[in-house]
Amino acid sequence: SQQGEEDPQALSIQEGENATMNCSYKTSINNLQWYRQNSGRGLVHLILIRSNEREKHSGRLRVTLDTSKKSSSLLITASRAADTASYFCATASGGSYIPTFGRGTSLIVHP
Amino acid sequence: GAGVSQSPSNKVTEKGKDVELRCDPISGHTALYWYRQSLGQGLEFLIYFQGNSAPDKSGLPSDRFSAERTGGSVSTLTIQRTQQEDSAVYLCASSPGLAGGLLAKNIQYFGAGTRLSVL
């Protein structure tokens, strides 16, 4: 079964609006990552947050992590049409080298 | 090369034929992963290499699937006697492994994938 599950499955917004995606997971983690996948392409790493961190920023991206609720959120501020993509969270636990990916959130930003 | 390279980008085959998918990881990356992604789905882990050995091949769906890695670099995923349900995008990723530090070992760099269609 998937360790991380993103919510919502699909999100449609207008350019300039903020987009928020959530990820819930089941077991303790060492870190959590967010990736973006444009149509027909591979995944691109966006940001990694460690289990002892609560918030992290990178440009227009803001990631939060709540280990007590086993959840994370990815906020994209002032969205652009180019942000249209699928977004996946990936969790790593224990000494594992293998992040476990969720099913993703499909984001469409209308110009 | 600058990134992870996969070939071919598209492969159409007939049911029952064998196919080989190739992955060239980022130079120096010790870890290599294969995933399968069906339409609109997440990533299904297939196999993980550290160097030339595969400590975790638990995701291979059947004995028709096999993979090897030579010289700690190029990897080949082979699917024998392909079935229609094998149709998917096969993604390869590499990461620095422990050489990249405790956090970097989990960050993966993906190729664009091979889209396999079994008719």
Side-chain angles (χ1 to χ4, degrees), chain A residues 1-11 21 23-25 28-53 56 58 63 65 72 85-108, chain B residues 2-7 9-10 23-26 29-51 53-59 88-115:
Chain A
S1 62
Q2 304 279 1
Q3 160 73 314
E5 292 291 342
E6 293 88 346
D7 167 64
Q9 287 188 317
L11 183 59
M21 290 157 269
C23 170
S24 59
Y25 56 92
S28 296
I29 60 171
N30 293 335
N31 61 70
L32 184 145
Q33 303 175 64
W34 285 92
Y35 287 80
R36 182 187 72 225
Q37 183 180 34
N38 290 87
S39 181
R41 307 296 296 273
L43 280 72
V44 174
H45 177 259
L46 295 176
I47 197 165
L48 180 150
I49 186 166
R50 291 178 286 191
S51 59
N52 62 353
E53 295 177 311
K56 204 160 182 179
S58 176
V63 169
L65 179 64
S72 173
S86 291
Y87 292 81
F88 294 86
C89 68
T91 55
S93 303
S96 175
Y97 278 79
I98 305 166
T100 305
F101 289 83
R103 295 183 194 278
T105 292
S106 175
L107 172 66
I108 297 175
Chain B
V4 178
S5 177
Q6 290 188 246
S7 61
S9 54
N10 284 283
C23 173
D24 275 286
I26 292 173
H29 280 193
T30 61
L32 185 147
Y33 310 76
W34 283 99
Y35 295 90
R36 180 168 69 176
Q37 185 177 33
S38 300
L39 188 63
Q41 299 296 309
L43 274 67
E44 177 188 1
F45 167 76
L46 298 178
I47 188 169
Y48 153 65
F49 286 93
Q50 182 64 244
S53 63
D56 191 337
K57 52 180 78 170
S58 61
V89 175
Y90 289 81
L91 291 166
C92 174
S94 69
S95 73
L98 263 182
L102 287 175
L103 293 180
K105 72 179 175 73
N106 287 137
I107 296 175
Q108 301 190 334
Y109 299 81
F110 283 82
T114 293
R115 182 174 298 277

Hits for side chain to side chain donor-acceptor pair (under 3.5 Å) against A:Asp7, two or more places apart or cross-chain, chain-then-number order -> none

Correct closest heavy-atom pair for B:Ile107 and A:Gln33 would be CA-OE1, 3.5 Å

In terms of heavy-atom contacts, B:Gln108 and A:Tyr35 come closest through N-OH, 2.9 Å

| message | For the NZ atom on A:Lys56, are there more than 12 heavy atoms of other groups (residues, nucleotides or ligands in this structure) within a distance under 6.0 Å? | response | yes

Sorted by chain and residue number, the salt bridge (charged side-chain N to carboxylate O under 4.0 Å, His left out) partners of B:Arg36 (sequence neighbours excluded) come out as B:Glu44

If one checks every heavy atom of A:Gln9 against chain B at 4.5 Å, the contacting part turns out to be neither

Heavy atoms of B:Phe110 and A:Leu43 approach each other most closely as CB-O, 3.3 Å

The interface call for B:Gln6 against chain A, heavy-atom contacts under 4.5 Å, is neither

